[in-house]
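Whatever order the structure lists ligands and atoms in, that order sets their numbers, starting from 1.
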Amino acid sequence: MFDRLEMAPPDAILGLTEAFRKDPRPEKINLGVGVYKDERNQTPVLRCVKNAEQVLLEKEDTKNYLSIGGDPAFGKAVEQIVFGDDLAASGRIRTVHTPGGTGALRVAADFLFRCFGSKKIWMSDPTWANHPAVFQAAGHTVAKYPYYDPDRKDIRWNAFIDTLRAIPREDVVLLHGCCHNPSGMDLTPAQWAEVAHIAADRGWLPLIDFAYQGLADGLEEDAAGVRALIGTLPEALVCASFSKNFGLYRERCGALSMIAANAHATERVFSQVEKAIRANYSNPPAHGGLIVTTVLNTPDLRDLWVSEVAAMRDRIHTMRQLFVETLAAKGVDQDFSFISRQKGMFSFSGLTPEHVQRLREEYAIYIVGSGRINVAGMMPDNMDRLCEAIASVLKTTA
Ligand code: LMR
């Protein structure tokens, strides 16, 4: 029967990485997948991670299974970082360790299907290319709410909140906690408060994808939206990832936090989430979670981590400014200043699929087909070449 199968198309983001790896041109630049690069074009292991691994090498005394939801110490450490001390102490939150942020989304999706059947999951237009697939694979349907206006390079605020106001009770609304992927346009604290108010009024369930904490304005600042929602609403789900802010990409370390009205209800949710996990991967891989727990629970490693996240964030900010300035210096007439206002790794460049194709074929520059660029993949050394290539395709594409 396998001979009847057709070839599946390459993944919109990870498929690009495969094509990039195979490209023999030495000058190639990858602005596709959301992976941080330092000034030497490396994705380094953070020093706090290396130090924690040394501690683990000495101290780790078993490779026995973790429990279904992972180590409770990991859950506590994550809750403190994501929700802050007060909410973390409220007793309303339980957290499971998942294989990456994508794994957290899938566990959330499986839990919802298991307990409530097929739901409508509302996603921002645009959203991360993999969001629809994760929820559809678990049996849900997907709907869109307006979010980013590519002409004004801004949030479609009125259309956004009008749609949120019309979403029925117990539908699920997927929100980006910070560093909106792909647009880089985040809500302000006042806008988060308004979204929380609407959610409370309408009774839909927020599911927050929180994959980039620390890469916009700061670890605390970036959590403001999540905390505003959790502080206001009785129920929510939050999916965190430690791929980017700990650089643990291939360790697949994420977390799903469940928030209910009180500790008893949260325990019941937790028990159902455990069932969803057991039927999928049984229990999580340990290494990434042990690293995160060790770093967060060791004061000097935690300080080191905070400073390393700040260094990544600052470098991304610097690249945003340099990109805008260099494009102007290379004679690009279009206004790209919006890129310096956007947050996190990504921006919607406004480049068309034709521009993207020409950049790849003629200049070995890889960008997601939607025009999303990973600013964290830019370097001072490749900025001139990158901006010259963009200037050229902008001038000469019909
Ligand atoms: C991205 O958006 O590039 C990252 O989240 C990596 C991925 O899995 O797509």
Residue part near ligand 1, for [X], under 4.0 Å between non-hydrogen atoms:
X: Lys244; value: side chain
X: Arg372; value: side chain
X: Ile13; value: side chain
X: Tyr249; value: neither
X: Asn181; value: side chain

* Please state which protein non-hydrogen atom is closest to atom 9 (O) of ligand 1 and give its distance, to 0.1 Å? -> Trp128 NE1, 3.0 Å
* Asked: Is the ring centre of Phe338 less than 6.0 Å from the ring centre of Phe348?
  -> no
* Does the gap between the ring centers of Phe346 and His180 come in under 6.0 Å? -> no
* Quick one: does Ile230's side chain get under 4.5 Å of Phe83's, heavy atoms only? -> yes
* Taking all heavy atoms of Phe210 and all of Gly177, pick out the closest pair and write down the distance. => CD1-CA, 3.7 Å
* Asked: With a cut-off of 4.0 Å, which atoms of ligand 1 are near a heavy atom of Gly34?
  -> 1 (C), 3 (O)
* To do: Can you sort out which atoms of ligand 1 are near Val33, meaning under 4.0 Å from one of its heavy atoms?
  => 3 (O), 6 (C)
* Of Asp186, Leu215, Val375, which is the lone residue that meets side-chain contact (heavy atoms from CB on, under 4.5 Å) with Lys343? -> Asp186
* Asked: His176 and Thr127: side-chain donor and acceptor closer than 3.5 Å?
  -> yes
